[in-house]
Q: 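This is the structure I want to talk about, given as structure tokens.
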Amino acid sequence: MFKHLPSKSLAATRRSCRCLHSDPHTHPLLAAFSRLCVDGPLRAALALLPDLADAGVRADPVTVCRLIKLCVRHGTASDGRLIHRHVSDSGHGGAPFGSSLFVSNSLVSMYAKFGLLDDALRLFDGMPQKNVVSWTTVVAALANAGGRKEEALRFLVAMLREGVAPNMYTFSSVLGACSTPGVLAALHGSIVKVGLESDVFVRSSLIDAYMKLGDVDGGRRAFDEMVTCDLIVWNSIIAGFAQSGDGVGAIELFMRMKEAGFLSNQGTLTSVLRACTGMAMLEVGSQVHAHVVKYDEDLILHNALLDMYCKCGSLQDADALFSRMRQKDVISWSTMISGLAQNGRSIEALKVFDLMKSEGPKPNRITMIGVLFACSHAGLVEDGWYYFRSMEKLFGIQPEREHYNCMVDLLGRAGKLDEAVKFIHEMNFRPDSVIWRTLLGACRMHKKANLAAHAAKEILKLEPDDQGARILLSNTYADLRQWADAEKSWKVMRDRGVKKEPGRSWIELCKQVHLFIAGDLSHPYSEGIIQELSRLFCRVTNFGYAPQTEFVLQDLASEQKEDLLKYHSEKLAIAFGMMNAMEGKPIRIMKNLRICGDCHAFAKLVSKSEGKVIIIRDPVRFHHFQDGVCSCGDYW
DNA sequence: TTAGGGTTAG
């Protein structure tokens, strides 16, 4: 323990200290201790505490605060408690010392950082003096702790009542606890009133608070009004756009940031990747990959990159990255498992899960959702049951609603609807709308109109304004050509102003996103697209294509039905993709709705007749079309 | 002595 002291052994140091140094302020032990508090190692500094006490010397508050910081960075909660005990013993935590406030504030912060919030609050309550730092520390601790945001706001109010004025630290902390637009507006008002709106910390928290409440315009305004700016403010706005689903907006901001001369860091790149993931922009995403190489230790960034490749349907890149990653956590493994499963490679997903069990971290609840997803989308009913039943025993993960939902999906997709219903009734909690929606989807797939009606009614009981339930119910009637029932359902939708979301597909070309809306021929290249589409129809007809008009869910004459089918958004995107196809590269399309059966058949035949790989991502999974076959095995 | 942004499913 004394190897960190200069030249002589600790025993010798101690002896000489006792003999020669009666003044505790110039004590050599103290000098050694102060050095260790600056540079560490923490263990060596902690080891000197009893000796300091024995020698009757007292470290000054600045040194104690340094030690506390060192402990937060490199130590454990018990190290923290040890320091706290020593501080109290030596009198630094007591009221008579003017400097005690600094140390107490640091201790409160330390307990909070170790997640010991109750200890932090107890210490705070006992403090005879409190300043803005003490209050801010507690407000920040509560705002950062899960589920204690209300308390953070109550502490802010109490602080104001005590006459303590919040500063930029307080505002940037409490903004993280903002859970309603009203509170946010009030805080924003106070920030402007006291003139703190240009502080970059306050600004980035403000942007983040608006974005977290889903107010993208508010976030954008807060960003546009900004006078001073730093990288984190840019990161906040880019992250906000990426999280709100506006991937194109996020990329545009990223470009502007670079134009403004800011260099991106890991945080920026992670958000940009998320934007690419959301929009399936593989070209931009791959370009970001080149910058990620610099940060090969950043696991968050690499997980984001891995997810981007999976969600862009580029499993080869994902696979290569996954094998190269030296560090992999439960998120990396879960991402890879879900990614493979969503891309129709369930067996490989389960193999990766086996590998994870033998050489990876312990699976968590999300890993298990991926595993069950793999089973349900490959029709592996027995495997699904096995994993569901054994997850608690093998990994200590108690099945939650999401896992039950996966099981309903597994049984429903496999056509075991009676078993699915039995399973729902035997669950030890009341089925929620998600479970009923899953069952409804399965009913639609297997054309079980009566059960679908029952599921839809259960959803509407729980969520009377649910559009999805009415749409799915009406689609089920339409599938069965029960036009009277379908019409009844549509009438309710019309009366309530429910509109079916139009089908949208998009495609990335030269880092630009081209959007196609079902039946909308307003794209600048529409003429060419229609020509190309006609050519493709001729080609695939030779390969046996016949329009499957049952996928048009309105009671129309069959020529009209064919017309509607012709201009489904994914067909427009396929034609556009073919016109701009690059040799050897697949066409990648993303959709907002599940792919329809007719487009699925069309895409299969185009992949065969044109010798082109087509990848379509819908909101749930991927379809890789090649040589007339789809990776989903026509089971989706 | 106190504060800000980023990853996984559905």
Side-chain angles (χ1 to χ4, degrees), chain A residues 61-62 64-66 68-69 99-110 112-113 130-141 143-144 166-176 196 199-209 211-212 230-240 242-243 250 264-275 277 295 298-308 310-311 329-339 341-342 363-374 400-403 405-406 409 434-435 437-438 619-621:
Chain A
V62 173
V64 179
C65 289
R66 279 183 187 143
I68 294 169
K69 268 198 169 168
S99 58
S100 68
L101 186 56
F102 279 34
V103 175
S104 301
N105 286 341
S106 290
L107 286 170
V108 173
S109 170
M110 176 200 75
K113 296 239 165 79
K130 298 179 181 84
N131 63 0
V132 60
V133 176
S134 334
W135 284 98
T136 299
T137 306
V138 170
V139 167
N144 291 332
N167 62 13
M168 60 274 260
Y169 287 80
T170 327
F171 280 119
S172 72
S173 301
V174 80
L175 280 166
L196 288 173
D199 179 83
V200 285
F201 280 78
V202 173
R203 183 64 66 176
S204 60
S205 308
L206 201 53
I207 293 169
D208 190 47
M211 291 302 196
K212 293 246 158 75
D230 72 354
L231 180 61
I232 307 285
V233 176
W234 275 108
N235 287 357
S236 302
I237 190 76
I238 293 171
Q243 283 161 9
S264 54
N265 70 358
Q266 294 107 304
T268 330
L269 296 179
T270 308
S271 294
V272 172
L273 282 173
R274 180 165 174 171
T277 305
Y295 307 106
D298 194 316
L299 194 51
I300 293 182
L301 185 50
H302 279 78
N303 286 344
L305 188 62
L306 188 64
D307 190 40
M308 184 277 293
C310 288
K311 295 258 168 61
D329 65 358
V330 63
I331 293 180
S332 329
W333 288 91
S334 305
T335 304
M336 199 62 219
I337 291 168
S338 301
Q342 286 167 345
N364 67 10
R365 47 182 285 277
I366 292 173
T367 320
M368 294 315 297
I369 293 172
V371 170
L372 294 175
F373 184 100
E400 291 173 45
R401 281 184 180 278
E402 292 96 329
H403 304 104
N405 190 45
C406 287
D409 193 43
V434 177
I435 297 259
R437 213 169 278 130
T438 303
V620 180
R621 63 167 304 154

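Chain letters run A, B, ... following the sequence lines, proteins first, then strands; residues in each count from 1. Every heavy atom of this structure was used, including side-chain atoms; hydrogens, water molecules and symmetry mates were not.
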Q: If you check the Ser106(A) side chain, which of dT1(B), dG6(B), dG10(B) turns out closest?
A: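 Closest nucleotide to the Ser106(A) side chain: dT1(B).
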Q: Which nucleotide in the set dA9(B), dG4(B), dT1(B) lies at the smallest distance from any side-chain heavy atom of Asn105(A)?
A: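 Given the options dA9(B), dG4(B), dT1(B), the side chain of Asn105(A) is closest to dT1(B).
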Q: Ile366(A) has a side chain; which of dG6(B), dT8(B), dG4(B) sits nearest to it?
A: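 Nearest listed nucleotide: dT8(B).
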Q: Between the base of dG6(B) and the side chain of Asn265(A), is there a donor-acceptor distance below 3.5 Å?
A: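 Between dG6(B) and Asn265(A), which were checked side chain against base, a qualifying N/O pair under 3.5 Å is absent.
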Q: Record whether the side chain of Ser172(A) comes under 3.5 Å of the base of dA3(B) through a donor-acceptor pair of N or O atoms.
A: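 Under the 3.5 Å cut-off, the side chain and the base do form a donor-acceptor pair.
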Q: Whether Asn144(A) contacts dG4(B) is assessed here as follows: a side-chain N or O lying under 4.0 Å from the phosphate OP1 or OP2. Is that the case?
A: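 The answer is yes; a side-chain N or O of Asn144(A) sits under 4.0 Å from OP1 or OP2.
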Q: Check whether any side-chain heavy atom of Ser332(A) lies under 4.5 Å from a side-chain heavy atom of Asp329(A), and answer yes or no.
A: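 They are in side-chain contact.
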Q: I want to verify a distance call: between dG4(B), dT8(B), dG10(B), whose nearest atom is closest to the Asn405(A) side chain?
A: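 Nucleotide nearest to Asn405(A)'s side chain: dG10(B).
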Q: Rounded to the Å, how far apart are His403(A) NE2 and dA9(B) P?
A: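 Result: 13 Å.
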Q: From CG of Leu301(A) over to C1' of dT7(B), roughly how many Å is that when rounded to an integer?
A: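 So the two atoms are 9 Å apart, to the nearest Å.
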Q: Looking at dT1(B), dA3(B), dT8(B), which one has an atom nearest to any side-chain atom of Asp307(A)?
A: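 The listed nucleotide nearest to Asp307(A)'s side chain is dT8(B).
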Q: What nucleotide among dG6(B), dA3(B), dA9(B) has an atom nearest to a side-chain atom of Lys113(A)?
A: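 Among dG6(B), dA3(B), dA9(B), the one nearest the side chain of Lys113(A) is dA3(B).
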Q: What's Asp329(A) touching, base or sugar-phosphate or nothing? Going by heavy atoms closer than 4.0 Å.
A: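 Result for Asp329(A) = nothing.
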Q: Measure from the side-chain heavy atoms of Lys69(A) and tell me the nearest of dA3(B), dT7(B), dT1(B).
A: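 Of the options given, the side chain of Lys69(A) lies nearest dT1(B).
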Q: What's Lys311(A) touching, base or sugar-phosphate or nothing? Going by heavy atoms closer than 4.0 Å.
A: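 Sugar-phosphate contact only.
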Q: By the 4.0 Å heavy-atom rule, please label Phe171(A) as base, sugar-phosphate, or nothing.
A: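 No contact.
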Q: Across the strands shown, which category fits Ser134(A) at heavy-atom distances under 4.0 angstrom: base, sugar-phosphate, nothing?
A: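 Nothing, no heavy atom under 4.0 Å.
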Q: Would you kindly give the CG-to-C1' distance between Asp230(A) and dG6(B), to the nearest whole Å?
A: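 Result: 15 Å.
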Q: Roughly how far, to the nearest 0.5 Å, is the CG atom of Leu175(A) from the OG atom of Ser204(A)?
A: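 Output value for this atom pair is 9.0 Å.
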Q: For Asp199(A), report the nucleic acid contact type (base, sugar-phosphate, nothing); a contact means any heavy atom under 4.0 Å.
A: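 Counting heavy atoms under 4.0 Å across all strands, the contact made by Asp199(A) includes a base.
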Q: Using a heavy-atom cut-off of 4.0 Å across all strands, would you classify Arg274(A) as base, sugar-phosphate, or nothing?
A: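 It contacts sugar-phosphate atoms only.
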Q: To the nearest angstrom, how far is Ile237(A) atom CD1 from dG6(B) atom P?
A: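 It works out to 12 Å between those atoms.
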Q: Just checking, is any N or O donor in the side chain of Asn405(A) or Thr438(A) under 3.5 Å from an acceptor N or O on the other one?
A: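 The answer is yes; a qualifying pair exists.
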Q: Identify the heavy atoms of Asn131(A) and Asn105(A) that sit nearest to each other, and give their distance.
A: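 Closest approach of Asn131(A) to Asn105(A): OD1-ND2, 3.2 Å.
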Q: Rounded to the Å, how far apart are Leu175(A) CG and dG4(B) P?
A: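 Leu175(A) atom CG is separated from dG4(B) atom P by 11 Å.
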Q: Grab the CE-C1' distance between Met368(A) and dT8(B) for me, whole Å please.
A: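 Result: 15 Å.
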Q: Would you indicate whether the side-chain heavy atoms of Val200(A) and Ile232(A) approach each other to under 4.5 Å?
A: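 They are not in contact (no side-chain heavy atoms under 4.5 Å apart), so the answer is no.
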Q: How would you label the contact of Val233(A) with the nucleic acid (heavy atoms, under 4.0 Å): base, sugar-phosphate, or nothing?
A: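 Since a base atom lies under 4.0 Å of Val233(A), the category is base.
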Q: Measure the distance from CE on Met336(A) to P on dA9(B) and round it to the nearest whole Å.
A: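 From Met336(A) CE to dA9(B) P: 13 Å.
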Q: Rounded to the nearest 0.5 Å, what's the gap from CG on Leu269(A) to CD1 on Ile300(A)? Could you check?
A: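 One gets 12.5 Å once the value is rounded to the nearest 0.5 Å.
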Q: Would you say dG10(B) has OP1 or OP2 under 4.0 Å from some side-chain N or O of Gln342(A)?
A: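 Gln342(A) to dG10(B) OP1/OP2: side-chain N or O found under 4.0 Å.
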Q: Are any of the side-chain heavy atoms of Val133(A) and Leu101(A) separated by less than 4.5 Å?
A: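 No, side chains not in contact.
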Q: Counting side-chain heavy atoms from CB outward, which of dT8(B), dA3(B), dG10(B) is closest to Met168(A)?
A: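 Closest of the options to the side chain of Met168(A): dA3(B).
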Q: Of the options dT8(B), dG10(B), dT2(B), whose atoms approach the side-chain atoms of Val133(A) most closely?
A: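 The listed nucleotide nearest to Val133(A)'s side chain is dT2(B).
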Q: How would you label the contact of Val174(A) with the nucleic acid (heavy atoms, under 4.0 Å): base, sugar-phosphate, or nothing?
A: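 No contact.
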Q: If you only use heavy atoms from C-beta on, which nucleotide in dT7(B), dG4(B), dT2(B) is closest to the side chain of Thr136(A)?
A: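 Of all the options, the side chain of Thr136(A) is nearest to dT2(B).
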Q: Take atom CG of Leu196(A) and atom C1' of dT2(B), then tell me their distance rounded to the nearest Å.
A: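 Going from CG in Leu196(A) over to C1' in dT2(B) covers 14 Å.
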Q: Looking across every strand, which nucleic acid part, if any, lies under 4.0 Å from Glu400(A) by heavy atom: base, sugar-phosphate, or nothing?
A: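 No contact at all - Glu400(A) keeps every heavy atom at 4.0 Å or more from the nucleic acid.
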